[in-house]
Amino acid sequence: MHVACLCLVTAALAASAAGADSTGRTRSCASADDRFAAAWESRRGQPLREVPVAPPVFNGHPRFARPYSLAIIHFALRVFHNAESNFYARANAKIVENCRFYIENTDVRDDRDSFYWNVGELCRAVLHYGAKGDIAPGRLSSDAEAAFREMAFGYCHDISRLADAACDGTKTWRIYESENHHVQRASALWQLMHVLLKENPACGARVLGDGGTLRAHYAAWEDFFCAWMRERAKRSMFIEVQSRGYGIHTIKNIYPLHDFSENPSTRRLARDFLDLFWALWAQEQIAGATGGGMSRVYPSGARTTYSAASTWAYWYFGLNPSLNRSPYDMDYVCLDSSYRPNPLIGKLAADAAARGVYEIEMRPLGWALPEDKYPDYRPDPSWGRIYRYTYATPDFIVGTQMYPQAALTNWCMISSQNRFHGVVYGPRDAQLLPIPAAMGRHVKTAALPSTAYNGFWSMQKNGTLLTRKNRHSRYTGGMCVWFSAAGGIDHVEKDGDWHFTRCGGAYSAVRVAQGGARLVAAGPKAEMPCERNGKFLVCDNPWAVVIVETARACDFADEAAFRAKVKATSFAFTSSTLDYVGIYGNRFRMLLDLDDGSIIDGEPYVKKPAWSVHSPFIKMPWLGDVADISFGGETIRLDFR
């Protein structure tokens, strides 16, 4: 191991698994390989921290075994990887126990919340450390392998259906449960079949529940994933747009195809798809803090700008050492994989100053076909009626998703759930978020609001964002604005009709267009309970339009000049129309009582660009076959043919 890596490991073991030194600061290893090695080492010698199988998460569901299995599988994978021979017997015994649990409790195995979330990492343990392992054969015991085979075949026999792997045309957009659930289930089947065939090719002739052979199913699921990747690249990627929680649970399922497929074409396609994912992530973040319009971001996730992807980015790019932490959950997929992003993507991620000021346009799917009905989602593959727009600078990112104020039934619920937008700044968790309060109740957190559908309606150009509670929303309270304590965003000053704040090199201003508003302290022990500290600007009128202006400080002589510019903006409001000219000179007309017809600079606000992705750095035509990634005079081409 390199000296730099040893330094980090020593600090991690002595101070914290996140890599803190004696002063509390984080330190970075010199290369990606060093950072990956340090992550593996950060848990060396730690015993298994067992987690019991839990009661059901939702009423009417079986017991919840995901944390139970994750603890066992990640312990075993780490022990085998690090050659911690004193733990081999313990790891093997617990793998047998884990497999027997699912063999004997098929109701838990077949439920959406347990088995397929982690079985991929167990497949990696067999492929690397089983009798035919490619790293250290024999660390996984024969008893553990036998239990795995029984569990694996039983699941494939009972769950896999060739009809579900249909991938011609746009059939991969037929989604069951949710985007991440659907692909996790498919990936579990492909990985389990891959391991079974790798260990014993003759088992490919065994017949599964629908009468097809295991080998036929394996080939069908690989074809499904190849079509799935091409379709997402062509149509602005995921419906669960940039979800901080679920996005990594979707993309993790492409890593096994990159690492283990025996088809070079599949491996290349998976590599290019992963590169596209990470290039999209790179252009829409500052020091690992991600911005832009998103879907399926629960309130707890909305208050933080980081996610598992941020930690993976630290391991890949050395980006912001404060993102480093000891691995958990799905992190072992990243740590064990041979995938590394193209070096150009690392340059794009690391240099916000060189990226400058730019716009990003996408048109993700989300509009539902008539046959769409939970849990069988059927998005319209021709156009999602969503225009996703982001304005990015080295000091802040502001973005939203613009769409018609249409009835909730017109949207796939995985698109309309917990939509997110607002301003993200550089410091960790520094955000300004104009989003109505979510009032839905989750069974597992019944005391906390967690879910809203079709929550807001918005318009944006450059750093000017207008938004209000959607006329067709469900489970939403009144309009409010979150000012985070992180970054000092909650140091708000009222000046006339506007509330001003700043963070680093960015100024922001907020105006409530209808009625008054009051600032309320928020936090775990504050007037308004919240998992993080900050302030909410609570609108007296729950349907009030909120205007947010954000600009770079370097574009003004001082903060007073910014305030003067904001206060000079043109504003006219009637009961049904808002006309506004923002600080960038853009003209907005919001028709508040109509589902559509609003305009920006005389044009419809919901655009239908000819691109799947368009920015100065990523260009992928709508329904195109290739994506060009450019930065600093270099270009790479990703091929999805």
Side-chain angles (χ1 to χ4, degrees), residues 51 53-54 62-78 80-81 91-92 94-130 133 140 144-160 164-165 176-178 180-199 203 208 214 217-218 221-222 224-225 246 248-261 327-337:
V51 180
V53 177
R63 289 174 294 166
F64 181 50
R66 190 195 313 170
Y68 158 79
S69 293
L70 283 172
I72 291 171
I73 295 168
H74 292 166
F75 169 75
L77 192 58
R78 184 212 85 206
F80 295 147
H81 176 93
N92 280 301
K94 296 305 290 187
I95 287 176
V96 172
E97 177 193 299
N98 178 79
C99 294
R100 296 306 312 172
F101 174 82
Y102 288 113
I103 292 167
E104 296 165 5
N105 296 275
T106 54
D107 60 333
V108 181
R109 181 200 69 179
D110 299 347
D111 185 61
R112 68 184 186 185
D113 286 312
S114 293
F115 179 77
Y116 55 65
W117 289 78
N118 53 64
V119 74
E121 290 95 310
L122 184 54
C123 290
R124 288 177 178 271
V126 180
L127 289 168
H128 294 329
Y129 309 111
L140 184 71
E145 279 197 85
F148 172 86
R149 286 194 297 270
E150 183 181 353
M151 177 194 71
F153 184 79
Y155 185 75
C156 294
H157 178 277
D158 295 349
I159 300 300
S160 186
D164 294 338
Y176 184 75
E177 287 279 8
S178 76
N180 74 88
H181 277 287
H182 189 111
V183 75
Q184 285 187 92
R185 184 183 295 107
S187 179
L189 290 167
W190 182 88
Q191 291 184 77
L192 291 166
M193 293 176 189
H194 178 82
V195 178
L196 290 170
L197 288 167
K198 198 77 172 176
E199 288 202 321
C203 79
L208 302 187
L214 187 144
H217 279 249
Y218 174 68
W221 283 116
E222 184 150 335
F224 168 88
F225 270 106
Y246 293 126
I248 208 72
H249 286 294
T250 299
I251 198 63
K252 73 177 184 182
N253 300 288
I254 305 305
Y255 282 74
L257 297 156
H258 173 275
D259 295 337
F260 302 123
S261 173
Y328 72 98
D329 205 346
M330 78 299 293
D331 290 339
Y332 286 92
V333 174
C334 174
L335 293 175
D336 186 73
S337 176

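Side-chain contact check for Leu77 versus His81: every heavy-atom pair is 4.5 Å or farther apart. Inter-residue side-chain proximity for Phe153 and Leu192 is flagged as unmet; no heavy-atom pair is nearer than 4.5 Å. Using a 4.5 Å heavy-atom cutoff, the side chains of Phe148 and Ile95 are not in contact. When side chains are defined from C-beta on, Pro256 does not count as touching His194, because their heavy atoms never get closer than 4.5 Å. The closest side-chain heavy-atom distance from Met151 to Phe101 is not below 4.5 Å.
Shortest non-hydrogen contact noted between Leu208 and Cys156 is CD1-O, 3.8 Å. Heavy atoms only, all atoms of each residue included: Ser337 and His258 are closest at OG-ND1, 4.4 Å. For the pair Cys203 and Leu214, the tightest heavy-atom approach, listed with the atom from each and the gap, is O-CB, 3.8 Å. Between Val108 and Tyr102, the shortest heavy-atom distance links the atoms CG1-CE2, 4.1 Å. Between Tyr332 and Pro327 the shortest heavy-atom distance is OH-CG, 3.8 Å. Of all heavy-atom pairs spanning Phe64 and Asp113, the tightest one is CE1-O, 3.1 Å.
Each of Tyr246, Tyr176, Tyr116 was evaluated against His181; a single residue qualifies, Tyr116, per the side-chain hydrogen bond (donor to acceptor under 3.5 Å, both in side chains) test.
His249 is linked by a ring-ring contact (aromatic ring centres under 6.0 Å, His included) to Trp117, counting only residues two or more places apart in sequence or in another chain.
Residue Arg100 holds its CZ atom at 10.5 Å from CG of Asn105, rounded to the nearest 0.5 Å. Atoms CG and CG, on Asn253 and Asn180 in that order, are 8.5 Å from each other to the nearest 0.5 Å. Taking CG from Asp329 and CG from Leu70, the interatomic distance works out to 5.5 Å, rounded to the nearest 0.5 Å. Note that CE of Met330 and NZ of Lys252 are 6.0 Å apart. Values are rounded to the nearest 0.5 Å. A distance of 5.0 Å separates OG of Ser261 from CH2 of Trp190, quoted to the nearest 0.5 Å. To the nearest 0.5 Å, atom CZ of residue Phe115 and atom OG1 of residue Thr106 are 11.5 Å apart.
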**Q.** Stepwise side chain to side chain contact (heavy atoms under 4.5 Å, CB included) test for Met193 and Ser160
**A.** CA-CA 10 Å; Met193 293 176 189; Ser160 186; 3.4 Å; yes
Q) Are Phe80 and Asn92 close enough, and set up right, to give a side chain to side chain contact (heavy atoms under 4.5 Å, CB included), and what steps lead you there? A) CA-CA 10 Å; Phe80 295 147; Asn92 280 301; 3.8 Å; yes
Which donor-acceptor pairs under 3.5 Å do the side chains of residues 120-127 make with protein atoms, sequence neighbours left out?
| unit_1 | atom_1 | unit_2 | atom_2 | d |
| --- | --- | --- | --- | --- |
| Glu121 | OE2 | His74 | NE2 | 3.2 |
| Arg124 | NH1 | Asp259 | OD2 | 3.1 |
| Arg124 | NH1 | Asp336 | OD2 | 2.7 |
| Arg124 | NH2 | Asp259 | OD2 | 2.8 |

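Electrostatic pairing of Glu97 and Lys94 counts as a salt bridge here, judged by a charged N lying under 4.0 Å from a carboxylate O. Between Asp158 and Arg109, at least one side-chain nitrogen of the basic residue sits less than 4.0 Å from a carboxylate oxygen of the acidic one, meeting the salt-bridge criterion.
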